[in-house]
Amino acid sequence: MYRDVPPTFSLPELERRILAFWKEHDTFNKLRRKNENGPRWSFIDGPITANNLMGVHHAWGRTYKDAYQRYHSMLGQHLRYQNGFDCQGLWVEVEVEKELGFKSKRDIEEYGIDRFVEACKARVIKFSKRQAEQSIRLGYWMDWDNSYYTMSDENNYTIWHFLKKCHDRGFIYAGHDVMPWCPRCGTAISDQEIVTEGYQELTHTSVTAKFPLVGRPGESLLVWTTTPWTLTANVAAAVHPELTYLAVKQGDETFYLAKACAERTLKNEYAVLRELPGSELLGWAYSGPFDELPPVAGVEHRVIAWDEVTEEEGTGIVHIAPGCGKEDFALGKQFSLAVIAPIDENGLFAEDFGPFAGKHASHVPEDVFASLKNKGRLYRTQKYSHRYPVCWRCKTELLFRLVDEWFIDMSTLRYEIMEVTKRITWMPSYGLDHELDWLKNMGDWCISKKRFWGLALPIYPCQKCGNVDVIGSETELEQRAIEGWEQFAGHSPHRPWVDAVKIGCSKCGSPVSRIKDVGNPWLDAGIVPYSTLNYRHDREYWNNWFPAEFITESLQGQFRNWFYSLLAMSTVMENREPFKRVLGHAQVRDLKGEEMHKSKGNAIWFDDAAEKMGAETMRWLYCRQNPYTNLNFGYEAAEEPLRHLTTLWNTYKFFVTYAKIDGFVPGSSPVPYDRLDRMDRWILARLNQLIADARRAFDGFSVMNFVHAAERFIDDLSNWYVRRCRDRFRQADQAGDPAAYETLYTVLSTTVRLLAPVIPMFAEELYQNLVAWREGEPESVHLTPYPEETPEWEDAALVADMALVRNVVEIALAARNAAKIKVRQPLAVMTVVTDPSAIKTLEMNRQVIAEELNVKRIVFTDSAEGLTTRVAKPVFRALGPRFGKDANAVGNILRALDQDTLARIAAGETVTIPVNGKHEQISSELVEVVTASPQGMSVISDKQVTVALDTNLSDELVDEGFAREIVNKIQNMRKEADFNVSDRITVGYSVSPRLARAIDSCRTYIMKETLARELVPLEGEWEHRSEWSVNGEPAELGVRRTTQSGLANGGGMQDGRT
RNA sequence: GGGGAUAUAGCUCAGUUGGUUUUAGAGCGUCCGCCUGAUAAGCGGGAGGUCGGUGGUUCGAGUCCACCUAUCCCCA
């Protein structure tokens, strides 16, 4: 039987209770067993980085994942429920370095790569455990003992398989490029890493140097740079061919620079010798700033053309060092320039750089300036502030360095991927354009990183013959190994163990070592639809589950990360789409709409939010949100979702309270549909709509639409159905109406099933008390099938009728408000003016309307005579086609028509009206006649309905008004005195004569409403008493219990009610 | 520089193929009033908008087109 429902609930407490219940009853595994022969529904989880605790933003995607999976489970489908953890990559290394207090790669090497890699593994294991606990706390059902880890052998070896396929098609190559480089970490920093928090406002000393022109004695180019150390690698100077340059004279020297830069750059007086276009400078040779350094000796320096040169800063002549800048490097390729790379991975100059040898690039500006000055090449130095890239973890200024990296050639592959991409349903739809744009424009995929913890790239370049071998599996490695296998055997394919293995070159047989690089971590995540579905060992299983029906992740960055790597890898593997549909969602922001950052202090940890607002509130918030717009998250934002849960809770509590009192057992005396009350049939029709909305929303992966519909439904249920039907449950001396009980029971038990995917714990709580204890019912809401529509319940007309009724009530309440008459004060007559068909509907609900509005009598009429005037509304949709340009003028004429004419049109007549000298036939198709404009009564209208209240109060009405006030006061006192709902009481009163008269005349009514046995003078002992002003009349009231009954109120259900 | 998105009330957003709204809506917030023995609820009303700007198409534009501006995302 039902447990008592406490008046309030604590979500965290409720949630922990349900989580314990699921654990105790092994509910999740029961669900899996129930569905194991059902149709498969394949979902693939994008792995979460197992490197830290979860923030609230992680819960958005995870809520979607859980909700859609639960929905499909309730459809009886068979799911894999595999969660994923992303394990490898620099972000883990960074945290472990922090833990160990390391400052550079050398610290790691001294500590031992093996110990370091083990520490990385340990960190991942630790946080994957914590994240699993947190996810469980969210109510997220996954097969937590069977999560996949991207560091697993299988994942790594399946990537090898992929790389081998790439290599077979000739896509893998070693390239070198200039990359942003952190000299402290000893690694390249990718553009993505810079974009996020990789810039700082820094001040450097810029230098303007003279580049003397060869064959033009006394003439120099003026060249400006903010990175003096790169001058040591200068090989060219770039100008814009279409900009205007000047030759200027200062002393006995002539300088060239862009005209727009002269004023800013030149110190002291100067004389302009001539103007010339940049194109004239092209090809001029100059002597470089550091030609004395051995690596630069013999390099020819020339002026080249570059469209990107601007006059915004500098001199309009740009120093080009292909070994020290990305654009420089590209230009170098274009013009076949020499590439000079001065620094090593620690940012130190190479040995052959003379006075600079062994010095740190960031520490040499003064040496550079001194050297230039000695050679007469220094024009000036200036302080310069700019945003400069820094390492996102150690804040060291980045240098640009020429490095060797490994790439996947995208020149043809990109088009194959684009074809695969087009087969996918993208949500939002513009996701397709985004992905295609990325694929069109992306460079070759850089897959290597010079670090320790990650995929061991199975690339073996032969130093002797230059052949490159790529190993495709662990067995191939074993077969090809010629030394070191023993050291490796038994270890995961990670550094340093795998590095011990040498293979024989397939061309020349020489021993070859693996490159030291580890892989790009998106390789790890992109292979998941293959590695986790056992592609290498059980192709049938893979076939059964591939491709995924659905994936969902944050939109942020995934076009170039996970979505991209999934698509790229699956195209190479099988030329098939790895998922059929993707739902992307936007970002979680703080309440002000600003990005959350740990450092900013506005980030919210998942654990805190779960304990403060409850996981279910979070889930509701996420599910009701438009996935494509950012969600401004905060504790205030949680209040609204919580209110909907509260309303549902109160409805549930109401039901349980009275069902217990009346001993109602669902199904014990079923009421056939055609014997139900109109209200019952209405709420069932609404429920039917909600079921349809829910299924449509879940099937279309738009859970938002369902939650919005559910919010409206819960409101209808609580604030209309239950409120209107309260008396059918709460009867003074007999049991409530079985039809009402059966209906409310059906609605509540169905609603919790509908909501189960969204709020699994809250729904379970209600289900347990409403349904689970009954014979033959599933023990968990999640073991029930998702509700289906009941054709019998459908009644669109009734739903529309009820909307009309509620509309009339709303308008009438507004009329009361306008007349400043409380609802507790009964009124004699209300007149409702509307069309005949609406009157028919309203007639059937006369009782409801009268009760809601507390009026004695309602008059329905379709004639607004004396209450309203008629107003013409031109129908421009019809007027436009007929009158063209004159439509507006005709509209004005129609608006000016007199009341009689309007009345005739309203009655269906066609009238003839002069328009611009012509006589036009006007009927109701061209002008709509509506009623409006009240005349001196309490009258309010909207489109369809006009309501007029008679505000005259007779003595009897005033008496009743007093009586209702008294009832209200007594009820409040019962509540304050903490009486039981069913306690019978005695009421004592001491009031003004006017009030006494009212109490006398309404004695029975007051006693019935307050469960009072007697109304007596206020003498003697009272459990609770207080003084009141009742509509201005003084009154003192007291209450005490005559019987102290428990909640049980008489026997079981009684048939029939008065 | 290229691609994509957005621009409507203090905040967050709806607004369906242009037309029953000439008086542009909701929620939140705010102010006033009301209702309530299931209610951490609910109801009515007030204040608050030149629908980013300009031009165009049309009898008619928040809605369609062009340009501009601003913000965001992706790429270069």
Side-chain angles (χ1 to χ4, degrees), chain A residues 5 7-9 191-192 195 307-308 326-327 428 430-443 555-557 559-560 586-587 591-593 624-626 628-632 636-637 639-640 642-658 708 711 714-715 718-720 722-723 726 729-730 806 809-818 820-824 852 854 871-892 895 927-928 930 940 942-943 967-968 970-975 979-983 1009-1011:
Chain A
V5 177
T8 64
F9 57 93
D191 289 343
Q192 289 102 297
V195 166
D307 284 346
E308 300 293 312
K326 213 167 175 67
E327 294 88 352
Y430 66 75
L432 175 62
D433 291 333
H434 263 230
E435 192 63 56
L436 291 178
D437 184 58
W438 160 254
L439 287 168
K440 191 174 76 187
N441 294 309
M442 69 169 300
L555 234 30
Q556 187 73 10
F559 294 108
R560 62 167 196 272
Q587 280 180 289
L591 279 176
K592 290 182 209 145
R624 80 187 302 277
Q625 172 75 8
N626 177 343
Y628 313 139
T629 51
N630 288 337
L631 171 57
N632 294 353
E636 290 162 52
E639 284 168 18
E640 201 203 335
L642 187 57
R643 267 208 298 277
H644 296 292
L645 295 181
T646 304
T647 304
L648 180 58
W649 179 268
N650 289 327
T651 308
Y652 152 72
K653 173 175 156 42
F654 172 85
F655 171 82
V656 171
T657 301
Y658 289 99
H708 286 298
E711 289 176 354
I714 290 170
D715 182 70
S718 167
N719 291 310
W720 193 249
V722 171
R723 190 160 59 82
R726 221 163 4 199
F729 298 89
R730 177 164 55 97
R806 296 185 71 177
V809 170
E810 269 180 29
I811 294 166
L813 284 172
R816 268 191 174 272
N817 198 54
K820 300 258 174 232
I821 300 174
K822 298 181 186 188
V823 176
R824 273 198 293 264
E852 277 293 306
N854 196 17
V871 171
K873 286 187 162 191
V875 181
F876 283 96
R877 174 181 265 160
L879 291 172
R882 178 150 157 199
F883 294 102
K885 272 190 205 310
D886 296 327
N888 211 23
V890 175
N892 284 331
R895 280 190 198 110
V927 57
E928 197 186 0
V930 296
I940 302 243
D942 78 347
K943 284 169 274 186
V967 167
N968 175 254
I970 295 170
Q971 300 290 36
N972 281 330
M973 290 171 69
R974 287 185 63 118
K975 209 175 195 174
F979 290 177
N980 235 321
V981 176
S982 51
D983 285 341
E1009 287 297 311
T1010 60
L1011 297 186

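A note on names: the letters A, B, ... follow the listed sequences, proteins ahead of strands, and every chain is numbered from 1.
Residue A:N968 is in sugar-phosphate contact alone, with no base atom involved, counting any heavy-atom pair closer than 4.0 Å across all strands shown. A:T651 comes within contact range of at least one nucleobase, with a heavy-atom separation under 4.0 Å. Within 4.0 Å (heavy atoms only), A:V722 reaches at least one base atom of the nucleic acid. Heavy atoms of A:Q971 sit under 4.0 angstrom from at least one base atom. A:F979 comes within 4.0 angstrom of a nucleotide base, judged by non-hydrogen atoms across all strands.
Nucleotide B:U39 holds its C1' atom 11 Å from the CZ atom of A:F9, rounded to whole Å. Atom C1' of nucleotide B:A14 and atom CZ of A:R624 are separated by 12 Å, given to the nearest angstrom. Across the protein-nucleic acid pair, A:Q587 atom CD and B:U71 atom C1' stand 14 Å apart, rounded to whole Å.
Across all strands shown, B:C43 pairs with B:G33; the Watson-Crick or G-U wobble distances both stay below 3.5 Å. Remark: B:C72 base-pairs with B:G4. Criterion, Watson-Crick or G-U wobble with two distances under 3.5 Å. B:G48 makes up no base pair with any nucleotide shown, lacking Watson-Crick or G-U wobble contacts both under 3.5 Å. In this structure, B:C11 forms a base pair with B:G27, meeting either the Watson-Crick or the G-U wobble geometry with both donor-acceptor distances under 3.5 Å. Searching all strands for a Watson-Crick or G-U wobble partner of B:C67 with both distances below 3.5 Å returns B:G53.
Taking the P atom of each, B:U23 and B:C51 are spaced 13 Å apart, rounded to whole Å. When the C1' atom is used for both B:A41 and B:G53, the distance is 44 Å, rounded to whole Å.
Judged as a salt bridge (Lys or Arg N to Asp or Glu O under 4.0 Å), and not counting sequence neighbours, the contacts of A:E640 are A:R624.
Using a 30° and 60° split on the angle between ring planes, A:Y652 and A:W649 fall in the perpendicular class, above 60°.
The base of B:A41 has none of its N or O atoms less than 3.5 Å from a complementary donor or acceptor on the side chain of A:S718.
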Output a table of nitrogen or oxygen pairs between the protein and nucleotides 4-6 of chain B separated by less than 3.5 Å.
| from | atom 1 | to | atom 2 | distance (Å) |
| --- | --- | --- | --- | --- |
| B:G4 | O2' | A:H434 | NE2 | 3.3 |

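The phosphate of B:C43 (OP1 or OP2) has no side-chain N or O of A:R723 nearer than 4.0 angstrom.
The closest donor-acceptor contact from the side chain of A:Q587 to the backbone of A:L555 lies at 3.5 Å or more, if one exists at all.
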